[in-house]
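Shown next, in C-alpha cells, is the structure this report addresses.
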Number of protein chains: 2
Amino acid sequence: MAYAHALDALGDPTRRAVWEILRKGPRAVGEIAASLPVSRPAVSQHLRVLRDAGLVRERREGTRHIYAVSPEGLAEVRSYLEGFWATSLDEFKAYAERGGQ
Amino acid sequence: MAYAHALDALGDPTRRAVWEILRKGPRAVGEIAASLPVSRPAVSQHLRVLRDAGLVRERREGTRHIYAVSPEGLAEVRSYLEGFWATSLDEFKAYAERGGQ
DNA sequence: CATGTGCGTAAGCCATTACTTACCGTAAGT
DNA sequence: ACTTACGGTAAGTAATGGCTTACGCACATG
C-alpha cells in the first residue's frame, strides 16, 4: 500500500505543516526545514510522501529543489470527500427530525 | 494533541474503511466489524477516534450502538481543504504559464 | 579540478499505535 | 434472577513510521 491515498499523507501533523508552508508559495527544501522544528532530511522524507500522494510537485533550479502544492492531488481529496457530503446531509436531516438524538 | 485534527483520524486505512461503510448509512458496531478483517474491539477503538475527531456520531438502541457519519467533522475537513484551493489554482496557473515545468 | 551548496538516501533508534484476547458493564428476553 | 446480546475497556504485543546522524550525488563556482 504505502501511502496510496492522499489522506494517508495528510494524516501527519508535520506533513500538514509542510503543506501549509507550501500553501503560501513554492519553497526550496532548506527553506521549509528552516521554518520547522525538524531536520532537513525529515522534511525531505515528508516531501517524498506528499509527492507520491500527488499533493506536491517538484522542479529544479540548479541544486535547489523547489516544491509547490499540486492541484491534482488536492482535487482528488476533494472529490473523495464530496462523495460523503450528500449522504451525510441526509443523515443529518434524519437526525434533526428525530429531535437531535 | 492526539487526533485533534480530523485528518489525523482519516490517515488510517482501516479507519477510512469504517468511515466508508458508514457512508452507506448508519451501522451498529458489530455490523461494521463483520464487514472488515479486524476484530470488533479494533472497530470500537477506531470509532472512538472518529468520534473524538467529530467525524461520526453515536446513538443507542437497546444494547446496540449505532454510528453514523457526522456532517460537522466533514465540513471541517472540507473548509480546511478549501483554503488551499484558491492558492493552488494560482500556482497551477503560474506553472502552466511557465510552460508546464 | 577542488570546494561549497543543496538534497536525497541509508541505517538505526525510539515513540506511537493498531491489533489481539480477556474481561466487565448494560440492556433485553425468558 | 439467569441468560444472552452487544460493546466498551484493559493490558500486552508487534509493527509502523517519524526522527536523527552519516553519507553520497549533482550542480555550480573559484
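- Scanning for salt bridge (Lys or Arg N to Asp or Glu O under 4.0 Å) contacts around R40(A) gives an empty result, with sequence neighbours left out.
- Atom-to-atom, CZ of R64(B) to C1' of dA5(D) comes out at 10 Å; the value is rounded to the nearest Å.
- Both R48(B) and P37(A) lie near DNA chain D, and the one whose nearest nucleotide falls closer to the 5' end is R48(B).
- With values rounded to the nearest 0.5 angstrom, L55(B) atom CG is found 5.0 Å from L10(B) atom CG.
- Here CD of E31(B) is found 10.0 Å from CG of L22(B). Values are rounded to the nearest 0.5 Å.
- Residue E58(A) has its side chain nearest to dG8(C) when only dG8(C), dC19(D), dT20(C) are considered.
- Computed from coordinates, the D12(A) CG to dA15(C) P distance equals 17 Å when rounded to whole Å.
- Between the CG atom of D52(B) and the P atom of dT17(C) there is a distance of 13 Å, given to the nearest Å.
- Remark: R64(B) CZ to E58(B) CD distance equals 12.5 Å, nearest 0.5 Å.
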### Task
Sugar-phosphate means primed atoms, P, OP1 and OP2; the rest is base. With that split, encode nucleotides 22-30 of chain C 5' to 3' as B, S or - using protein heavy atoms under 4.0 Å.
B----BS--
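- Judged as a ring-ring contact (aromatic ring centres under 6.0 Å, His included), the pairs with a partner in residues 13-38 of chain B (not counting sequence neighbours) are, in order, F84(A)-W19(B).
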Donor-acceptor pairs under 3.5 Å, side chain of residues 42-50 of chain A to any protein atom, not counting sequence neighbours: which ones?
residue: H46(A); atom: ND1; partner: R15(A); partner atom: NH1; Å: 3.3

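- Across the protein-nucleic acid pair, L47(A) atom CG and dG17(D) atom C1' stand 17 Å apart, rounded to whole Å.
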### Message
If you apply the rule side-chain contact (heavy atoms from CB on, under 4.5 Å), what do you find for Y80(B) with E20(A), and how did you get there?
### Response
CA-CA 10 Å; Y80(B) 175 80; E20(A) 283 162 17; 2.6 Å; yes
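- Between dG18(D) and T14(A), no contact under 4.0 Å exists linking OP1 or OP2 to a side-chain N or O.
- The side-chain heavy atoms of D8(A) and R16(B), taken from C-beta on, include a pair separated by under 4.5 Å.
- For the OP1/OP2 pair of dC6(D) and a distance below 4.0 Å, the side-chain nitrogens and oxygens of H65(B) include no atom meeting the criterion.
- Checking the phosphate oxygens (OP1, OP2) of dG8(D), a side-chain nitrogen or oxygen of Y67(B) falls inside 4.0 Å.
- Straight-line distance from the NE2 atom of H46(B) to the C1' atom of dT9(D): 15 Å, rounded to whole Å.
- Taking atom CZ of R16(A) as the reference point, atom C1' of dG17(D) lies 15 Å away to the nearest angstrom.
- Between the CD1 atom of I66(A) and the P atom of dG6(C) there is a distance of 11 Å, given to the nearest Å.
- Atom P of nucleotide dT20(C) and atom CD of Q45(B) are separated by 9 Å, given to the nearest angstrom.
- Contacts between residues 27-34 of chain A and DNA chain D, defined by a heavy-atom separation under 4.0 Å, are absent.
- Phosphate contact (OP1/OP2 of dA18(C), side-chain N/O of R15(B), threshold under 4.0 Å): present.
- Partners of E82(A) by salt bridge (Lys or Arg N to Asp or Glu O under 4.0 Å), not counting sequence neighbours, listed by chain and number: R78(B).
- Linking ILVMFWY residues whenever their side-chain heavy atoms come closer than 4.5 Å, directly or via other members, leaves L36(B) and I66(B) in distinct clusters.
- Distances were taken from every side-chain heavy atom of S39(A) (C-beta onward) to each of dT21(D), dG18(D), dG8(D); the shortest belongs to dT21(D).
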